[in-house]
**Q** 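Take a look at this one; I'll ask things after.
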Amino acid sequence: LDRLQERGLLMRHRSPTDGRTHALALTPAGEKALARFARAMGSTTDDPFISEPANAEQAKKARETALAELEAFIAEHGSSDTARIAGLRAAELEVDLGNLTAADRRLEALVAAFDPDDARRGVALRLRGYVLDQNGDPLAAAEAYEAGARIEAYRARVLLWIAAGDAFARAGAPARAVGAYQQALS
């Protein structure tokens, strides 16, 4: 939210009914950005949800455009936290576009860039596990999931332990699968 506010896309002010919380509102620039995205996805700004467009080519083009914009942002912001977060989103888009090799390279670099106990490293490892699994390497996928599950700050640790157990089972490592499932239950 801070970054959206800094970019002039969002306003935040104390809620008039509950002083402990903030009310959020899009700025005119935020409304324009949302409208551009909605149009790119084949939706209207009146829709409360922006769904996947029925036109697959339109969806692909929107993803490619978003990826190019993220790439430019990452290049401009170097190794900052913001660039690393943009890198996570870029990797998700690469997966959506079927560019698994590019996504894996990006995720491998992101895993190395995040601090070992950073929850965002868990996000990168979860996505990397998925990519490795899709590339036919369930053992490497399981190990990525397991590494993410060991990050205390990552709130979805249980889900990663389960994913690790499933991947270890597919990799023919039943003892490691059982160990991962036991971690999920502990």
Side-chain angles (χ1 to χ4, degrees), residues 1-4 37 41 49-53 56-57 59-75 77-186:
L1 292 177
D2 289 338
R3 285 186 287 278
L4 292 173
F37 180 74
M41 295 303 287
F49 300 103
I50 299 172
S51 60
E52 180 74 16
E57 191 55 39
K60 181 180 179 194
K61 184 177 179 196
R63 286 184 177 98
E64 288 170 344
T65 300
L67 180 58
E69 289 177 6
L70 284 169
E71 290 286 358
F73 181 88
I74 293 164
H77 292 86
S79 62
S80 69
D81 267 355
T82 307
R84 285 193 288 263
I85 292 167
L88 286 171
R89 183 62 187 125
E92 289 174 340
L93 287 169
E94 288 168 335
V95 169
D96 289 346
L97 290 165
N99 300 334
L100 297 179
T101 301
D104 186 44
R105 278 194 306 266
R106 183 185 305 276
L107 290 163
E108 184 177 30
L110 286 168
V111 166
F114 285 120
D115 289 334
D117 58 345
D118 190 327
R120 295 169 299 183
R121 185 171 186 263
V123 173
L125 284 161
R126 176 197 50 80
L127 187 54
R128 184 150 195 250
Y130 173 81
V131 168
L132 291 165
D133 219 355
Q134 293 300 302
N135 278 335
D137 193 348
L139 182 59
E143 290 170 345
Y145 291 136
E146 181 180 51
R150 293 188 185 284
I151 299 171
E152 295 287 330
Y154 186 62
R155 292 185 180 207
R157 294 176 63 222
V158 170
L159 298 176
L160 284 186
W161 281 120
I162 293 168
D166 292 348
F168 278 132
R170 285 191 305 281
R176 291 184 78 181
V178 168
Y181 293 135
Q182 287 174 333
Q183 286 292 329
L185 295 172
S186 64

**Q** Looking only at heavy atoms, what is the nearest atom pair of Ala177 and Gly165, with distance?
**A** CB-O, 3.3 Å
**Q** Kindly compute the distance separating CG (Leu110) from CG (Leu125), expressed to the nearest 0.5 Å.
**A** 10.0 Å
**Q** Going by salt bridge (charged side-chain N to carboxylate O under 4.0 Å, His left out), name the residues that satisfy it together with Asp81, two or more places apart in sequence or in a different chain.
**A** Arg84, Arg120
**Q** How close do Gly122 and Ile151 get, heavy atom to heavy atom, and via which atoms?
**A** N-CD1, 3.5 Å
**Q** Got a second to check how far Leu93's CG is from Leu88's CG, nearest 0.5 Å?
**A** 11.5 Å
**Q** What is the distance from atom CG of Asp96 to atom CD of Glu94, rounded to the nearest 0.5 Å?
**A** 10.0 Å
**Q** Which heavy atom of Ala90 sits nearest to which heavy atom of Leu70, and what is that distance?
**A** N-CD1, 3.7 Å
**Q** What residues, two or more places apart in sequence or in another chain, satisfy salt bridge (charged side-chain N to carboxylate O under 4.0 Å, His left out) together with Glu92?
**A** Arg89
**Q** Are Arg128 and Tyr145 close enough that some pair of their side-chain heavy atoms sits under 4.5 Å apart?
**A** no
**Q** Scan for ring-ring contact (aromatic ring centres under 6.0 Å, His included) pairs involving residues 77-132, sequence neighbours excluded, and state none if there are none.
**A** Phe73-His77
**Q** Listed by chain and number, what are the salt bridge (charged side-chain N to carboxylate O under 4.0 Å, His left out) partners of Asp166, not counting sequence neighbours?
**A** none
**Q** Please list, chain by chain and in numerical order, all residues satisfying salt bridge (charged side-chain N to carboxylate O under 4.0 Å, His left out) with Arg105, sequence neighbours excluded.
**A** none
**Q** Report the distance from atom CZ of Arg126 to atom CG of Leu107, rounding to the nearest 0.5 Å.
**A** 9.5 Å
**Q** Working to the nearest 0.5 Å, report the span between CZ of Phe168 and OH of Tyr181.
**A** 10.5 Å
**Q** With rounding to the nearest 0.5 Å, note down the distance linking CG in Leu160 to CZ in Arg150.
**A** 11.5 Å
**Q** May I have the list of side-chain donor-acceptor pairs in residues 131-142 shorter than 3.5 Å, sequence neighbours left out?
**A**
from: Asp133; atom 1: OD1; to: Arg170; atom 2: NH2; distance (Å): 3.3
from: Asp133; atom 1: OD2; to: Arg170; atom 2: NH2; distance (Å): 2.1
from: Asp137; atom 1: OD1; to: Ala140; atom 2: N; distance (Å): 3.2

**Q** Using a strict threshold of under 4.0 Å (side-chain N to carboxylate O), is an ion pair present between Glu64 and Lys60?
**A** yes
